[in-house]
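Okay, structure first, notes after.
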Amino acid sequence: MTELIKILLVEDSQTHAEMIRHALEKAAGRLQVTVAASLAEARAVLAETEPDLLLVDYQLPDGWGTELLPDNPAQIRWPLVFLTGQGDEQVAVEAIKGGALDYVVKTANMLEDMPHIVERSLREWGHIVEHRRAVEQAAGFGRLLDASLNEIYTFDAETLRFVQVNRGALENIGYSMEELRQLTPVDLKQDLTLESFKSLLQPLRDGTRETITFCSSHQRKNGSSYPVEAHLQLLTLEGRPVFVAMLLDISDRKRAENALQRSEERFRSIFETAAAGMVMIAPDGHFLQVNPAFVRFIGYQEAELLTMSVLDVTHAEDRGWTRKYFQLLSREQSRIIDTEKRYLRKDGTVLWGHTSVSCVLEGEKAEGYCVGLVQDITRRKLMEERLQEVNRELDAFVYTVSHDLRTPLTPIVGYAQYLKSAYEEKLDAQALDILGEIDRQGQIMAAMIEDLLNLAKVGALKLPDEPLDVAQVVSDLLDVMAAQIAEAGVDIRVESFPGVRLPKTLLSQIFDNLIGNAIRYAGSSGGPIEVGGVRDGERVRLFVRDHGPGIPEEEKGKIFEAFFRGASGKDLRGTGIGLATIRKIARLYDGRAWVEDTPEGGATFWVELVG
């Protein structure tokens, strides 16, 4: 279908305008003529449409036709032919110098020749546009050559010899421009022959491809080589067909690819030989890959597992929160899941696994994969359950023994006190001393029984919903111990505390034992007793620091054992149960207790808890 040619006729004479339009449309139906009677009307039309040709009367009611020409002739956007009367030829010539394409004198013969004038003008404008495009392309390519950080080569489409090479290429390749003009791209390639290179270029020659991209090795003048990615195009620059090659040095990419390949090989080796189970999982939980260790752990064959999901091998009671964890991972609300859970083997056996899962997500639709590591902790779990059972049995035994010992101890102490009081005048001094010793030893045994009961009763109580105000707990405890503190003449300095989620009774028990020990062992001669705490991430460390005689090195590993009393405590009141109770509380809440030397003398007791 022939493309419609749009012509804007700017003519104030209605008669002339109708004659010209009739002549054009009669001669060629593919012409569409729009008439404007003034400069203003012409500008309005040009603002709305892009004509292929302007026919403009020189004299118009609101100005001169030359006013439609831009100040810079190179910026003219449409071909413009002036229509002049007799005697205006000199003015028209000046208009052509300003950018007009041609001028036509209005005569009777002009109407007959108007279709040919239009055809000739459009053909000439096409040549002008093509020339402009070639000049702009050449200029643009020259700027590209100068500015590009990549290597750019042009070589003749027939001889294949280099025509132009940018500065970056010359500096990298080591040849001068004079040397390169005697070479072809094949001379710089170790992996291409002339025939294979010509075959590579053929799709560009026959127009089936606009660009060809390939990777090869580029050789410098000194013999060294480097990997490149080449992009080839066939262009016409200044009327001359040339191939343009843009080369990207891909040495870094190749190194990265090689490193990635080595990394993948190492991962594959670890994946296949690891003693722990390793799996690759889709974000929805379906298995993508499983290693031999996981196959042995779960009892299913690899082919079976690849049709299953994590939930299929998860214990029924653990499936709910397992599904929730995968939802958190897929929404990127958690980067890694680390937990212990129960698995179901193919034979129905329940196993425990320590599971760590991390996901690599791609895009908004949670595409990607997750990597999971599963360690068999079934034996450890069985031992923990057995240990908990033994501890429960031991606590029950201690509680029973302590209770049964307290029952006969009460009348023994009571009778000794009664005899001493009722028969004081009838008994000699030795008998009274014996009764006093029975009373004293009975009181010591009663305190020991009470401490044993406290140690047995310490259990993992429910954590409070909000952190406790530790400073308030310590303040309340010091009020209770006020008489003991005053009697010992001790200065207790309380520092700041972080909040800690621990049952109040246990927190009070920790500070009661530690502050009481500091008062008894350090006393007022050791300087102030300092009490405080610090936070380290999820953990809280509480301390009680004294400046007394300290703990001998050989006793530091034993003082947290039940009933152990060091050399410095033999003459002091106490049962040796307090520090054992503190250690038990710390362990119940995934913590620990230990002692350090205070600088310049003394002991600092630390209790670390998760809270």
Side-chain angles (χ1 to χ4, degrees), residues 263-264 266-300 305 308-345 349-362 366-388 460 462-463 465 467 498 500-502 535-541 586-592 608-611:
S263 176
E264 289 176 345
R266 286 195 295 269
F267 177 78
R268 172 54 55 188
S269 176
I270 294 172
F271 188 84
E272 294 296 334
T273 61
M278 293 184 70
V279 295
M280 293 184 69
I281 319 166
D284 63 0
H286 280 82
F287 291 111
L288 300 175
Q289 284 183 272
V290 294
N291 75 337
F294 187 76
V295 170
R296 292 192 297 270
F297 170 73
I298 208 67
Y300 288 93
L305 288 170
M308 302 168 66
S309 75
V310 172
L311 297 179
D312 294 328
V313 296
T314 298
H315 191 279
E317 295 179 8
D318 294 344
R319 287 173 188 163
W321 58 261
T322 298
R323 185 182 293 107
K324 180 180 178 181
Y325 279 161
F326 271 95
Q327 291 172 350
L328 293 176
L329 287 168
S330 65
R331 296 169 186 163
E332 295 189 282
Q333 294 177 347
S334 178
R335 302 189 66 177
I336 187 170
I337 296 298
D338 189 77
T339 186
E340 294 178 355
K341 57 179 287 187
R342 287 165 290 181
Y343 289 87
L344 284 176
R345 280 178 58 87
T349 306
V350 177
L351 299 178
W352 277 92
H354 182 279
T355 303
S356 300
V357 181
S358 179
C359 289
V360 179
L361 303 179
E362 302 170 356
E367 299 172 351
Y369 62 92
C370 304
V371 177
L373 178 66
V374 182
Q375 294 175 293
D376 187 353
I377 58 171
T378 305
R379 185 176 180 184
R380 193 197 81 191
K381 278 291 185 179
L382 293 175
M383 292 178 65
E384 287 178 357
E385 290 176 3
R386 178 56 184 157
L387 180 60
Q388 290 174 358
K462 181 182 178 181
L463 294 175
D465 295 331
V500 59
R501 292 182 62 228
L502 191 73
R535 175 171 289 280
D536 182 10
E538 295 182 352
R539 293 186 172 271
V540 171
R541 296 192 183 103
R587 286 178 174 176
L588 285 172
Y589 294 94
D590 296 325
R592 61 193 180 105
E608 182 182 75
L609 304 161
V610 176

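Side chains included, hydrogens not; waters and symmetry mates left out as well; all remaining heavy atoms used.
Relative ring orientation between Tyr325 and Trp321 is described as perpendicular, the plane-to-plane angle rising above 60° on a 0-90° scale split at 30° and 60°. Aromatic ring orientation, Tyr343 versus Phe297: perpendicular (interplanar angle above 60°, classes split at 30° and 60°).
In this structure, the side chains of Glu608 and Asp536 stay at 4.5 Å or more apart for every pair of heavy atoms. Contact annotation: the side chain of Phe271 approaches that of Gln289 to within less than 4.5 Å [non-hydrogen atoms, C-beta and beyond]. Contact annotation: the side chain of Val313 approaches that of Leu305 to within less than 4.5 Å [non-hydrogen atoms, C-beta and beyond]. Annotation: side chain of Asp338 is not in contact with side chain of Thr355 (no heavy-atom distance under 4.5 Å).
Residue Arg296 holds its CZ atom at 11.0 Å from CG of Asp376, rounded to the nearest 0.5 Å. Between atom CZ of residue Arg592 and atom CG of residue Leu609 there is a gap of 11.0 Å, rounded to the nearest 0.5 Å. The structure places SG of Cys370 at 13.0 Å from NE2 of His286, a figure rounded to the nearest 0.5 Å. Taken from CG in Leu351 to NE2 in His315, the straight-line distance is 11.0 Å, to the nearest 0.5 Å.
Minimum heavy-atom separation, Ala293 to Ala275: CB-O, 3.4 Å. The minimum heavy-atom distance between Tyr369 and Met280, with the atom names listed, is CD1-CE, 3.5 Å. Shown here for Gly591 and Arg539, the closest heavy-atom pair between the two residues is CA-NH1, 4.1 Å. When every heavy atom of Arg319 is checked against every heavy atom of Leu344, the shortest pair comes out as NH2-CD1, 4.0 Å. Considering every non-hydrogen atom in both Gly353 and Val374, the closest pair reads CA-CG1, 4.3 Å. A pairwise comparison of heavy atoms in Val540 and Pro498 identifies CG1-CG, 3.6 Å as the closest pair.
Just one residue in the list Lys341, Arg323, Lys324, Arg342 forms a salt bridge (Lys or Arg N to Asp or Glu O under 4.0 Å) with Asp318, and that residue is Arg342.
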(Q) Apply salt bridge (Lys or Arg N to Asp or Glu O under 4.0 Å) to residues Lys381 and Glu385 and explain how you reach the verdict. (A) CA-CA 6 Å; Lys381 278 291 185 179; Glu385 290 176 3; over 6 Å; no
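Between Glu384 and Arg380 there is a salt bridge, since a side-chain N of the basic residue sits under 4.0 Å from a carboxylate O of the acidic one.
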